[in-house]
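What follows is a single structure, written as structure tokens, with notes after it.
The analysis underlying the following values was restricted to heavy atoms, covering all of them including side chains, and did not include hydrogens, waters or symmetry mates. When a ligand or atom number is given, it counts from 1 through the structure's own listing order.
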Amino acid sequence: MTKYVFVTGGVVSGLGKGITASSLALLLKARGYKVFMQKFDPYFNIDPGTMNPIQHGEVFVTYDGCETDLDLGHYERFIDEELNYTSNITSGKIYSSVIEKERHGDYLGATVQLVPHITNEIKNKVYEAGLTSKADIVITEIGGTVGDIESQAFIETLRQIQYEKGPLETAFVHTTLIPYIVGSNELKTKPTQNSVKDLQNMGIRPNFLVCRTPFETTDTLKEKLSLFCSIPKENIIDCIDAKNIYEVPLNLHKQGIDELILKQFNLPINKANLKNWEDLIERMENLKDEVEIALVGKYVELHDAYLSVVESLRHAGYKYHTKININWVNSESLEKNVNLKEIFKNTKGIIVPGGFGNRGIEGKIKAIKYARENNIPFLGICLGMQLAVIEFARDVCKIEDANSTEFDQLCKNPIIDLMSDQKAIINMGGTLRLGNYNCRIKKNTLAYNDYKTDLIKERHRHRYEFNNKYMDLLEKNGMIFSGINEESNLIEIIELPKHKHFIACQFHPEFKSRPTRPHPLFDSFVKASIDNK
Ligand code: GLN
């Protein structure tokens, strides 16, 4: 029977609730349990696919094509399990489904209400995750902060679940902040007391507190919290600010939270196998070298907009004991008359990740040309691949007006164009080419050398495609189309064999990189950048 752990957050946002949830899942997995993860997002968008990355950060994509919050990326990187549609629940999805059922007549005769209709819908999503994943333990993170108007329906559902299932099947972990007051040199418990009271007012009794704190808290502080919050002292755990998020699981493990949760569930406490993770931390903390990689994008003011890309670079860096220093380059700034040599002075590799819309496009093209002409290792992702092809068509194949119809609908040489099945689509949300598609890889290519196999599956999130009419011409001029989706004839990977390391893909390899297992394309790109000294 599946057990459920719910992770709520109090006091402030940005406490690292997602990292706590992922860490718990990692620890329970390390103790031999099958885990699955889920996130509730209280906003009314169906998914974050239509949100601006500068406001909301990256959109993560699961293998089955669900566009989700970046937290799911953390989950997958920590627990190394593929998540899916059941992992991402938004108010938008819940309400639209209830309204659809109402119109269909499923509640005939009833007045449709928040309780029980909306809460039942949420509850079903929790149990569905348990049933379909067949996990021993499902960990659900509740987005937002306790007390937010928006998340009340979710919290109310948790109250019902706690009442129905009891502490042997449900555990509630409340993450909270213990602020430090400089003047009086004190850690303060009041905000935590208040936020636990908020939860209790809504009928939920948390079983564990995970306290974000700048340094270790004292026994006295825990006793006070225990008394005021009705939580056993040993269930109050410190989550000390970590240099690196990957340290958090080990910090929590030292305080025994995984064991305490299993005890509450009356489940066998198997020995935790954390060898791989400990090796990772050891490597991470002893990086011997550094390399600068330029990330050229238009959302660079919010680094979270490129979270998985940066993580993937770091994962490869850990493998080669090398610290990755990112040179954040705003693509729009390259459109002015700037000195590229100066900007890329210390850069050993250039990456152009995904993006949407016109802004900053010509700047990215300039960066790609610079990488190509100066033999600087290059990795293009999605939009990065499309622009690499446009740059090559313009500069090498002399098709001067080569472009994508995304930026110029009437362009005479649409090297990148809409797929025919995309042309009829009116709705913007959820209609991109999403999730896993096959890619057949040509032998004797960089891609084959990286993947060491000729059939792969990678995750996608795009609407536009390389226009195969131009394939022969580009090939004649030296571009290799090394990866193709045979079912639809769509180009997946391109490369330039004369270049030191120039490769770009239509899919998003960053979603599949893991800290202990860097993605092959990032691995070889980082290696080439390190070797480019
Ligand atoms: N804007 C491009 C498209 O829709 C690229 C998308 C992306 O980079 N994720 O095809």
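- Taking every heavy atom of Gly354 and a limit of under 4.0 angstrom, the matching atoms of ligand 1 come to 8 (O).
- Judged by the shortest distance from any of its heavy atoms, Glu465 lies outside the 4.0 Å radius around the atoms of ligand 1.
- Not less than 6.0 angstrom separates the ring centroid of His56 from the ring centroid of Tyr299.
- Residue-to-ligand polar distances place Gly355 within reach of ligand 1: an N/O pair is separated by less than 3.5 Å.
- The Arg463 neighbourhood of ligand 1 comprises atoms 3 (C), 4 (O), 10 (O), with distances under 4.0 Å to a heavy atom of that residue.
- Annotation: atom 10 (O) of ligand 1 to nearest protein heavy atom, Tyr464 N, 2.8 Å.
- Below 30°, between 30° and 60°, or above 60°: for His74 and Phe78 the angle between ring planes is above 60°, a perpendicular geometry.
- The nearest heavy-atom contact from the protein to atom 7 (C) of ligand 1 is Cys382 SG, 3.0 Å.
- In this structure, atom 2 (C) of ligand 1 lies nearest to the protein heavy atom Glu406 OE1, 3.2 Å.
- Here Glu391 does not pair with Lys366 in a salt bridge; the nearest charged N to carboxylate O distance is not below 4.0 Å.
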>> The test is side chain to side chain contact (heavy atoms under 4.5 Å, CB included); show your working for Ser331 and Ile361 and say whether it passes.
In response: CA-CA 7 Å; Ser331 52; Ile361 289 302; over 6 Å; no

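- Phe507 and Tyr437 have their aromatic ring centers separated by at least 6.0 angstrom.
- Under the 6.0 Å distance and 45° angle rule, Arg77 does not count as a cation-pi partner of Tyr75.
- Side-chain atoms of Lys512 and Arg459, non-hydrogen and from C-beta on, do get closer than 4.5 Å to each other.
- Only the side chain of His508 comes within contact range of ligand 1, with a heavy atom under 4.0 Å; no backbone atom does.
- From the protein, the heavy atom lying nearest to atom 9 (N) of ligand 1 is Arg461 O, 2.8 Å.
- Taking only nitrogen or oxygen atoms, main chain and side chain alike, Leu383 reaches within less than 3.5 Å of ligand 1.
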